[in-house]
Structure formats: C-alpha cells, structure tokens
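Numbering starts at 1 and runs along the sequence shown.
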Amino acid sequence: MKNVLRERKTLHLEKLDPIDRRELPEEAAAAVLCRAEEIAVTLAESPAAHRTLDHPELIRLVDTHAAALPGAVRTALRPPDTAAGATIIGRLPVDDGDLGPTPRDWRHAADPACPASFRLDIAMLLLARCAGEPFGWQGQQSGRLVNNILPTPGHEDEQSGASSTILLSPHTEDAFHPERAHLLLLGCLRNPDRVGTTVSSIRQAELDSDTRRRLAEPVLPILPDVSYGEDFSAHRPAPVPTVAPGAAGPTLRYDPAYTPLDDADPEYRCAYGHLGSELERTCHRAVLEPGELLLMDNDVVVHGRVPFTPRYDGTDRWLKRVNIRLARRRAPEEARESGYGQVTVRPFPAAGEEISNRPVNRGMQ
C-alpha cells in the first residue's frame with residue numbers, strides 16, 4: 001500500500017502552539033511507584049495472581065490503590081484539551097540501573113524474571129486507571145494490558161512499534177477498529193538516543209471545505225497492522241471516514257500505511273494527500289526522557305516515530321503503552337463494523353459494575 005507521507009529523518013516543524021506540559025508533583029509520582037510496589041508484594045504472596053496483568057486480584061488491587069492516589073495524579077492524567085491534543089507529563093522516578101538490559105522483544109520484556117518491568121507495568125495501570133479504563137487486545141502481545149514498545153530484530157522496516165530504521169508513519173492507534181482507544185498513554189523507560197515520537201493534531205491542520213467533505217465520505221477501509229497478523233480474508237473491509245465531526249471539533253481516523261489508497265478516485269487521493277501534508281506541516285516531535293509520559297487524544301492526534309539505528313546491546317529505547325477508554329461516544333455507524341474479528345480485553349469495571357461480574361475478554365459493544 002502506498003504511504004502518502006515521505007520517509008525522512010528530519011521533520012519540518014512550524015511555529016505552532018507547543019505540546020502542553022504538566023508536572024506530576026514529586027510526592028504524587030513517588031506515591032504511584034510506592035503503590036505499585038505494594039501491589040507487586042501482595043501478588044507475590046498469591047502464586048495464582050503473580051505477574052498476571054489481567055488477574056482479578058491484580059485488577060481489584062489496581063482499582064483500590066488508584067482510588068487512593070493523590071488528586072494531583074488524576075489532574076495530570078486528565079484528557080488533553082489543547083490544540084496539540086497531547087500532553088507530556090513529568091515524571092516518574094525511573095532508575096535505569098534497576099531496569100536491566102532493554103529486552104530483545106516484548107515477550108522478554110513481559111518475562112517474570114524482570115521484576116522492575118512488572119512493577120512499572122503496574123504503575124502504568126495505576127496511571128491509566130486514573131484517566132479512564134485501561135484495556136488490551138487479544139490479538140496483540142497476547143492480550144497484555146501494558147504493551148512493551150522496543151526495537152526487535154527482524155522487524156526493523158515494518159510499520160509497527162517493533163520497527164526502528166524507517167519512519168513509523170503517523171497513525172491513529174488501532175484505526176481499523178471501532179473500539180480503538182480514546183486516549184493513548186506512553187511511558188518512557190529508556191531513550192538514550194533521544195528518539196522522537198511524532199505528534200500531529202487535526203485541530204492544527206488547515207483543510208478547506210471541499211477537502212473536509214471528501215474525507216468525511218466512507219471511501220476506503222483501514223486494515224489491521226501486522227501486529228495482529230496478516231490474513232483477514234474472512235472479514236469484509238468496511239469503508240470509514242477519515243475526518244468526521246465530533247462534539248468538540250473534528251476527529252481523525254488515519255493510517256496511510258494500512259489504507260488501500262490506490263482503490264480511491266484521484267480527487268479523494270488528492271484530499272488524502274493534502275491531509276498528510278498538513279499533518280506533516282503541523283508535526284511536533286516529543287523526545288521523552290526516562291520517567292516522562294506522553295498522553296494523547298487518539299480521536300484527535302496521530303503519532304509515529306522518527307527512524308533510528310538500534311544497537312541490540314541492551315541500551316535501546318524502551319517504552320510502555322496503555323490503551324484507555326473513556327465514556328465518550330463515537331458515530332453510531334461504527335457499531336456495525338466487524339473490527340476484523342479483533343477482540344478487546346477489558347477486565348476493569350465501568351462505573352457501577354463489580355469486577356466479579358465482568359468478563360475478562362469482551363468483544364464488540
């Protein structure tokens with residue numbers, strides 16, 4: 001599939017309103033890690049629940065401890081409401097010496113032999129729970145609620161979080177699915193080469209009325225990325241709008257690497273290309289330091305990553321990622337989409353639900 005964005009290492013940044021920065025007070029950040037450690041110690045006494053992120057006991061503990069965190073944590077994790085649609089939150093006190101080497105792939109990062117990584121998984125869940133409902137995908141990283149994002153040998157040039165040497169094109173997270181996250185939370189554990197995460201907002205893009213009209217038409221489908229597999233022939237692709245009206249302004253559903261643009265008419269491809277140029281023009285580059293968090297509105301922002309050369313020596317970039325749902329409605333038409341058979345993992349209760357009454361794996365709602 002043709003990618004309308006040019007692959008290059010230097011992104012042109014216009015003078016735009018910067019990405020918002022919020023401070024997580026030192027005592028609040030310490031409370032998050034302290035609660036995470038307490039949960040990890042409690043789970044160590046229960047072999048059945050130990051190191052299982054969606055186990056009911058862990059979910060109960062995260063819910064209980066998240067509710068007891070200082071109000072400053074929930075304030076810092078509120079949805080971004082600026083034009084940039086994203087905020088950098090600083091920071092958790094991450095000790096590089098405790099992490100051990102950057103794992104070779106997400107499976108190694110999830111290994112029980114890495115206790116520091118597990119404690120930070122819990123910390124990420126605590127933070128995400130203060131923002132909304134953390135969830136995962138059955139078909140991605142074995143359904144884990146916290147994903148590990150790191151360069152992986154053999155995946156250097158693919159359009160996924162495991163890549164490195166190519167530009168990871170700006171995209172809506174899980175754009176193919178109607179139950180995609182409302183918010184996306186990235187936490188930096190290690191970034192010695194200061195690799196930038198790219199962030200572009202539809203709120204800062206300049207589109208004329210004709211372009212908006214064409215992009216609001218459901219012309220092309222968006223397919224799942226390679227992290228979910230490659231054969232989706234059993235599911236009929238559903239065309240979706242790229243830009244749509246929302247309660248707080250335009251929303252964006254965009255993933256050019258997995259959109260069959262050659263199937264569209266020239267006028268639509270021109271409109272799509274103009275959107276891509278605007279997202280490039282308004283792109284911010286967020287260089288996260290260890291312990292910093294990047295919170296993005298996934299209905300407004302597309303994100304990617306600049307290319308870098310991995311060393312595979314245990315010192316490479318390492319992020320953690322959590323998908324978060326809010327009580328925010330999307331277009332009713334999305335409920336009719338198949339989601340290509342991909343099922344969410346949603347063990348946390350919504351308002352008014354008890355954990356014991358909620359199934360761990362839940363599909364389309």
Side-chain angles (χ1 to χ4, degrees), residues 19-43 51 53 58 61-80 86-103 106 109-110 114-134 136 144-150 161 181 183-197 199 286-296 303 305 315-324 348:
I19 296 178
D20 180 37
R21 282 188 171 266
R22 301 174 185 167
E23 290 305 316
L24 190 61
E26 185 176 341
E27 59 274 17
V32 172
L33 291 186
C34 182
R35 296 277 178 172
E37 176 68 22
E38 187 173 339
I39 292 171
V41 170
T42 301
L43 292 175
R51 306 200 189 293
L53 290 182
L58 184 145
L61 288 168
V62 169
D63 253 354
T64 299
H65 285 272
L69 285 170
V73 179
R74 279 174 287 280
T75 298
L77 270 294
R78 69 189 186 277
T87 185
I88 296 173
I89 304 169
R91 73 176 61 184
L92 293 177
V94 173
D95 187 337
D96 188 78
D98 286 344
L99 290 176
T102 299
W106 70 263
C114 189
S117 179
F118 180 65
R119 288 194 299 272
L120 287 167
D121 285 341
I122 298 174
M124 290 291 291
L125 284 179
L126 288 167
L127 292 165
R129 191 57 174 148
C130 287
E133 178 194 342
R144 288 179 59 81
L145 298 177
V146 180
N147 297 151
N148 287 280
I149 309 300
L150 29 74
L183 300 178
L184 193 67
L185 180 64
L186 297 179
C188 178
L189 275 60
R190 180 174 286 146
N191 191 16
D193 299 316
R194 297 182 58 78
V195 177
T197 300
V199 178
V287 179
L288 299 179
E289 300 288 344
E292 286 188 328
L293 306 159
L294 178 61
L295 182 65
M296 296 172 282
H303 70 284
R305 190 216 60 246
T315 65
D316 282 319
R317 177 179 184 259
W318 183 3
L319 305 182
K320 288 185 180 288
R321 178 184 67 203
V322 187
N323 295 288
I324 303 170
F348 283 96

Exercise. Any salt bridge between Asp193 and Arg317, counting N to O under 4.0 Å?
Worked result: no
For this session: Give the intermediate values and the outcome of side-chain contact (heavy atoms from CB on, under 4.5 Å) for residues Arg321 and Met124.
Result: CA-CA 8 Å; Arg321 178 184 67 203; Met124 290 291 291; over 6 Å; no
Problem set entry | Shortest non-hydrogen contact from Pro192 toward Thr315 | CG-O, 3.0 Å
Identify each donor-acceptor pair in which a side-chain atom of residues 27-43 lies under 3.5 Å from a protein atom, sequence neighbours left out, and give them as a table.
unit_1 : atom_1 : unit_2 : atom_2 : d
Arg35  : NH1    : His65  : ND1    : 3.1
Glu37  : OE1    : Arg119 : NE     : 3.1
Thr42  : OG1    : Glu38  : O      : 2.9

Exercise. Between Thr102 (side chain) and Trp318 (backbone), is there a donor-acceptor pair under 3.5 Å?
Worked result: no
Exercise. Under the side-chain contact (heavy atoms from CB on, under 4.5 Å) criterion, do Leu145 and Asp121 qualify, and how do the steps go?
Worked result: CA-CA 9 Å; Leu145 298 177; Asp121 285 341; over 6 Å; no
Exercise. Ignoring hydrogens and geometry, is there a side-chain-to-backbone donor-acceptor pair from Arg129 to Gly132 under 3.5 Å?
Worked result: yes
For this session: Using the test side-chain hydrogen bond (donor to acceptor under 3.5 Å, both in side chains), find all partners of Arg91 that sit at least two apart in sequence or belong to another chain.
Result: none
Problem set entry | Inter-residue atom distance Asp98.CG - Leu120.CG, 0.5 Å rounding | 9.0 Å
Exercise. How many angstroms lie between CG in Leu185 and CE in Met296, if you round to the nearest 0.5 Å?
Worked result: 8.5 Å
Exercise. Looking only at heavy atoms, what is the nearest atom pair of Arg144 and Asn147, with distance?
Worked result: O-ND2, 3.4 Å
For this session: State the CD1-CZ distance between Ile324 and Phe348, to the nearest 0.5 angstrom.
Result: 10.5 Å
Exercise. Minimum heavy-atom separation for Gly291 to Val94, with atom names?
Worked result: CA-CG2, 3.7 Å
For this session: Could you tell me which residues satisfy side-chain hydrogen bond (donor to acceptor under 3.5 Å, both in side chains) with Glu23, sequence neighbours excluded, listed by chain and number?
Result: none
Exercise. If you take all heavy atoms of Ile19 and Ala86, which pair is closest and at what distance?
Worked result: CG2-O, 3.5 Å
Exercise. Got Leu183 and Val322 here, is their nearest side-chain heavy-atom distance under 4.5 Å?
Worked result: no
Exercise. If every non-hydrogen atom of Leu319 is compared with every non-hydrogen atom of Cys188, which pair is closest and at what distance?
Worked result: CD2-CA, 3.5 Å
Exercise. Can you tell me how far the CG atom of Leu189 sits from the CG atom of Leu150, to the nearest 0.5 Å?
Worked result: 9.5 Å
For this session: Looking only at non-hydrogen atoms, find the nearest pair between Val73 and Leu127 and report the distance.
Result: CG1-CD2, 3.9 Å
For this session: Could you please spell out the steps behind the side-chain contact (heavy atoms from CB on, under 4.5 Å) verdict for Leu99 and Ser117?
Result: CA-CA 7 Å; Leu99 290 176; Ser117 179; 5.9 Å; no
For this session: From the options Thr197, Leu288, Leu293, Leu295, select the one residue that forms a side-chain contact (heavy atoms from CB on, under 4.5 Å) with Ile88.
Result: Leu288
For this session: Run the numbers on Leu294 and Ile89 for side-chain contact (heavy atoms from CB on, under 4.5 Å), then give the verdict.
Result: CA-CA 6 Å; Leu294 178 61; Ile89 304 169; over 6 Å; no
Exercise. Does a salt bridge link Arg190 with Asp316, judged by any charged N lying under 4.0 Å from a carboxylate O?
Worked result: no
